[in-house]
Amino acid sequence: MEQNHILTCMTFTPLLGAVIVLLLPGRAVNAIRWTATIATLPPLWWAVRLLMQFDPANLKPQFVHQFAWIPAYHINYFVGVDGISITMVVLTALLCTICMIASFGIEKAVKGYFALFLLLETGMLGTFVALDFFLFYVFWELMLLPMYFLIGIWGGPRREYAAIKFFLYTLLGSVLLLVALLYLYFTPPEHSFDMTQLGALVKDRIPLQVQVLLWVALFIGFAIKIPAFPFHTWLPDAHVEAPTAISVILAGVLLKMGTYGILRINYGILPAATLAPFWHGQSVAFWLLAALGTWNIIYGAICAMAQEDLKKLVAYSSISHMGYVMLGMAAFTSQGINGAVLQMFNHGTVTAMLFLLVGVVYDRAHHRQINGFGGLASIMPLYTGMTGLAFFAAMGLPGLSAFISEVLVLLGSWKIYPALTVVAASAVVLTAGYMLWTLQRMYLGKPNPKYETLPDISMRELVTLVPLAVIVIFLGVYPTAILNLQSPALVNVAEQVRAAATAAAPAAPRVASATPQH
């Protein structure tokens, strides 16, 4: 296969798999499950190939496939990967395969579930590889419909409410993205959706104040996906009602699309607006990324501590940990921005483990109430061991992957936002508090007689968890494997933002003068 076709084949193979699944008879349940699972394997294989052949020193998009799609309106099919997107492509392909295996327990409308899941995978992969803004928007919208039905049909008792809430919030963000997209397209005389050229085309044609308004509109659209406070309220409901595999995709992939969009579009197309004065002399990046990110960290941790439902606890934990990504992205230092994108990958693997583990105990006990269990360690020792690893990783224990990314974020943000960094670092205590308290109530102490006969974790469930556990341990010991891939591209992005801000406003706020440490 030619190198420039790999991304296209990776993106659309799941769609082909969905068509095949729909052609199978509905009663052939096992054939549907295995066909859908097999359809996720080629993208995973190609993702590994991309990882092995990727050249971090090349700052241009790689494995590019481009041709005119709708020439009359300058719309191209343009896909490629760089240091910003390569890890997200790998993460998406890996989690989709794992989630297919985790979905074998689905009994209701099996054909529809697996076909929609494969359509969702095409939308997610397409979003991460698209370099044409119009194509990016098409893939972004493509994810909305299958996720709505996957929650609304296969979810819990309040699934319709959760699905509609998810749909409305995401649709609001999509409208804001569309408005900004149209403005950016029509502003320069040479209309273009090319995200690699659009920043240069619009930078001298849009006043800085208008750029800031566009930046905020784009930020709100992406912040809903993160989700950043106060746009977060859809997430706990969606997580609690969604099937286990869909919760994994929500936390592991969809939340990252918000921060990825900010890196790719806000920073790439409107770099000058990023560090422009916004309110009380502070930049957009300070108020909407650093301050909100710090609030996310503390707020999410406190809400998690108050939960009695294990799945909702993990959902609020996700809100907290995504705050580190926002804080690191706002620092514009090498450590901060590298830690942010590494945290995107690490959070995807750790939180995926947590939601899969919630699904294991829910399948057996049919509830998730933390206080309803007790002594599971003596009843399900292997399951408890995997849970302990995931809990310690979420706490940021040294030697596990999340520790490295969170420490890099704090190191990078300390130079720019020392007060916010102190507040963010203090949340480590809160995270340890709700994780250890949950571990004590559910797994330690006297066993609940009601659950003494619960079977331990099965081989199929281990197959979904072990790869993630290996990654969590490996990156905790050797994070350079990821950092080497992303660092040159991310440092370049930070430098471009600072250079654009300096050119647009020589008397920029203090944050704009921070020099990345190489």
Side-chain angles (χ1 to χ4, degrees), residues 94-95 97-99 101-102 104-105 244-245 247-248 251-252 304-305 307 309-315 317-318 321 345-406 428 431-479:
L94 173 64
L95 289 184
T97 300
I98 287 173
C99 287
I101 299 170
F104 271 41
T244 297
S247 291
V248 171
M305 188 172 288
Q307 301 309 312
D309 184 304
L310 182 60
K311 204 172 188 183
K312 190 170 279 192
L313 180 146
V314 178
S317 171
S318 290
H321 285 98
F345 185 89
N346 290 340
H347 178 265
T349 54
V350 173
T351 309
M353 282 189 72
L354 290 170
F355 278 114
L356 288 169
L357 289 161
V358 173
V360 170
V361 74
Y362 180 75
D363 288 343
R364 287 156 174 75
H366 305 295
H367 76 87
R368 297 180 298 260
Q369 293 303 307
I370 296 171
N371 291 324
F373 293 99
L376 287 181
S378 60
I379 301 169
M380 306 169 66
L382 186 55
Y383 168 74
T384 302
M386 295 298 294
T387 304
L389 174 64
F391 275 28
F392 290 144
M395 287 163 50
L397 196 72
L400 301 175
S401 58
F403 170 77
I404 303 295
S405 50
E406 290 179 8
V428 172
T431 305
Y434 65 75
M435 284 295 182
L436 293 177
W437 191 28
T438 302
L439 198 65
Q440 176 192 5
R441 287 182 287 170
M442 286 189 65
Y443 300 95
L444 305 181
K446 186 178 178 181
N448 187 334
K450 185 178 179 180
Y451 302 114
E452 284 182 346
T453 59
L454 288 184
D456 206 343
I457 194 167
S458 69
M459 183 57 66
R460 177 178 63 85
E461 291 161 342
L462 276 177
V463 167
T464 65
L465 288 163
V466 169
L468 298 173
V470 170
I471 292 171
V472 165
I473 296 170
F474 175 74
L475 291 182
V477 177
Y478 189 64

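Index from 1, following the sequence.
- We find the CG-CE distance between L354 and M386 to be 11.0 Å, quoted to the nearest 0.5 Å.
- Looking at every heavy atom in both residues, A394 comes nearest to T431 through O-CG2, 3.6 Å.
- Contact of the M395 side chain with the F392 side chain is registered, since non-hydrogen atoms from C-beta on lie closer than 4.5 Å.
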>> Does I471 form a side chain to side chain contact (heavy atoms under 4.5 Å, CB included) with S401? I'd like the steps, not just the answer.
In response: CA-CA 8 Å; I471 292 171; S401 58; over 6 Å; no

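- Separation of atoms CG (L356) and SG (C99) is listed at 6.5 Å; rounding is to 0.5 Å.
- When all heavy atoms of L389 and A469 are compared, the pair lying nearest together is CD2-CB, 3.5 Å.
- The shortest heavy-atom contact between L400 and A393 is CD1-N, 3.5 Å.
- Listed by first then second residue, pairs satisfying salt bridge (Lys or Arg N to Asp or Glu O under 4.0 Å) with a partner in residues 447-469 read R364-E461, not counting sequence neighbours.
- Atom CG of L357 is separated from atom CZ of F391 by 8.0 Å, given to the nearest 0.5 angstrom.
- Between H367 and Y451, the angle of the ring planes lies from 30° to 60°, which puts this pair in the tilted group.
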> When you look at V314 and V358, which way does the side chain to side chain contact (heavy atoms under 4.5 Å, CB included) test go after all the steps?
Replying inline: CA-CA 9 Å; V314 178; V358 173; 4.2 Å; yes

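- L94 has its side chain within reach of L468: a pair of non-hydrogen atoms, C-beta onward, lies under 4.5 Å apart.
- In plain terms, the two heavy atoms of T464 and A102 that are nearest each other are CG2-N, 3.9 Å.
- With rounding to the nearest 0.5 angstrom, the CZ atom of R368 is 4.5 Å from the CG atom of D309.
- Atom OG1 of T349 and atom CG of L95 lie 8.0 Å apart (nearest 0.5 Å).
- Atom CG of L376 is separated from atom OG1 of T387 by 8.5 Å, given to the nearest 0.5 angstrom.
- For the residue pair R441 and Q307, the shortest heavy atom distance occurs at NH2-O, 4.3 Å.
- No side-chain heavy atom of H347 sits less than 4.5 Å from a side-chain heavy atom of S405.
- Not counting sequence neighbours, the partners of F355 by the ring pair (Phe, Tyr, Trp, His ring centres under 6.0 Å) test are H239.
- Counting heavy atoms from C-beta outward, T351 and H321 have side chains that stay 4.5 Å or more apart.
- Residues passing the ring pair (Phe, Tyr, Trp, His ring centres under 6.0 Å) test with F474 are Y478, sequence neighbours excluded.
- With hydrogens and angles disregarded, no donor-acceptor distance shorter than 3.5 Å links the side chain of S317 to the backbone of L313.
- Between L454 and I379, the shortest heavy-atom contact is O-CG2, 3.7 Å.
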> What's the verdict on side chain to side chain contact (heavy atoms under 4.5 Å, CB included) for F373 and Y443, showing C-alpha distance, side-chain angles and the deciding distance?
Replying inline: CA-CA 8 Å; F373 293 99; Y443 300 95; over 6 Å; no

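- For the pair I404 and L475, the minimum side-chain heavy-atom distance is 4.5 Å or more.
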